[in-house]
Amino acid sequence: MKLTYYGHACFGVETKGFHLLFDPFITGNELASAVDVDAIPADYILLSHGHQDHVLDVERIAKRSGAKVISNFEIVSWFGNKGLEGHPMNHGGKWNFDFGTVKYVTAIHSSVLPDGTYGGNPGGFVVWNEEVCFYFAGDTALTTDMQLIPKLCPKLDFCILPVGDNFTMGYEEAVLAADFVDCSKVVACHFDTFGFIRIDQDEVKKAFADAGKSVILPTIGQELAF
Ligand code: NI
Ligand code: MN
């Protein structure tokens, strides 16, 4: 399985020959100006919530690639009105897709679409197949609901957690989140894109190392293998 970081909270996952794309926000991210948004492969676009910094490039990418949107009912309906195909879910539900199983899980945040339409409740995803199992937390506070994930899903190979603080949990809580989901391999996101979420990378690395966990603070364009 290959993971590619496109900046902010946007990741591409290649598994079993399928391309999944999470929370595409590229053209609005100055730090990601080297990424060619029209070259990103996508069979499915998974959206954690409706905020602009997670959905900005969905339409552009889906119209080119034909990718199907996977998110909550409200967000899938909103993109459906723009002519995009989708698969609606809601909290606690899971579905078996051709690339693997997706479970839509709790996130503590807010969710409104760019035009002010109600975006349903924000969520995260656990995705698994024969090759890999991972958790994409989305924008969220630390929540005790995360403790349900190891009880309901296969053992995680890695988890993608926000660490930038202010709009989501900060890195100290991400360390606890890694405990809650029983996974010591963390890929960090939602940091450094704008002023409110700038982090001290050495501090973050030290906090994870002190807790006996590994954290990757990916650079934009970086590819990781799991
Ligand atoms: Ni948000
Ligand atoms: Mn966000």
Side-chain angles (χ1 to χ4, degrees), residues 3-13 20-33 35 37 40 42 45-62 69-79 86 88-91 104-127 134-143 145-146 159-174 177-178 181 186-199 201 204 215-220:
L3 182 73
T4 306
Y5 185 49
Y6 294 114
H8 198 50
C10 181
F11 289 87
V13 167
L20 318 183
L21 184 66
F22 291 79
D23 285 3
F25 170 75
I26 293 138
T27 57
N29 182 0
E30 277 173 34
L31 303 180
S33 57
V35 176
V37 70
I40 296 174
I45 301 176
L46 290 83
L47 303 174
S48 62
H49 65 297
H51 288 159
Q52 177 96 323
D53 62 317
H54 298 258
V55 305
L56 180 68
D57 295 311
V58 172
E59 223 182 319
R60 177 163 169 176
I61 295 168
V69 175
I70 301 173
S71 188
N72 67 24
F73 177 78
E74 291 81 359
I75 290 172
V76 167
S77 302
W78 192 76
F79 281 110
M89 300 186 73
N90 220 324
H91 294 83
Y104 192 60
V105 298
T106 311
I108 304 289
H109 193 65
S110 58
S111 176
V112 65
L113 287 149
D115 66 354
T117 303
Y118 172 61
N121 289 311
F125 298 99
V126 183
V127 178
F134 64 94
Y135 168 47
F136 176 86
D139 282 9
T140 184
L142 178 68
T143 162
D145 275 14
M146 290 168 177
C159 56
I160 300 174
L161 303 176
V163 300
D165 221 324
N166 192 72
F167 294 118
T168 67
M169 60 185 168
Y171 67 86
E172 305 93 329
E173 288 146 288
V181 300
V186 176
V187 179
C189 72
H190 218 274
F191 63 91
D192 283 356
T193 317
F194 29 76
F196 291 128
I197 60 172
R198 287 217 177 93
I199 58 166
Q201 300 214 357
V204 176
V215 66
I216 296 164
L217 294 154
T219 53
I220 297 174

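Nothing fancy with the numbering, it's 1 onward along the sequence. All ligand and atom numbering here is 1-based and tracks the order in the structure. This one's a predicted model, so the numbers in the text were calculated from it and none came from an experiment.
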Is there a ring pair (Phe, Tyr, Trp, His ring centres under 6.0 Å) between Phe11 and Tyr6 once you walk through the steps? CA-CA 6 Å; Phe11 289 87; Tyr6 294 114; 8.5 Å; no

Under 6.0 Å between ring centres, would you say that holds for His8 and Phe194? yes

Could you tell me whether Phe125 and Tyr135 have their ring centroids closer than 6.0 angstrom? no

Taking the inter-plane angle between the rings of Tyr5 and Phe191 on a 0 to 90° scale, is it parallel (under 30°), tilted (30 to 60°) or perpendicular (over 60°)? parallel

Among side-chain atoms of [X] and [Y], is any donor-acceptor pair under 3.5 angstrom?
X	Y	value
Asn121	His91	no
Asp139	His54	yes
Asn29	Thr193	no

Opening angle at the Ni ion (ligand 1) [NE2, His49; NE2, His109; to 10 degrees]: 100°

Looking at Asp139, pick out the N, O or S atom nearest to the Ni ion (ligand 1) and give its name. OD2

Hey, which N, O or S atom on His51 ends up closest to the Ni ion (ligand 1)? ND1

Taking 2.8 Å as the upper limit, name the protein N, O or S atoms near the Mn ion (ligand 2). Asp53 OD2, His54 NE2, Asp139 OD2, His190 NE2

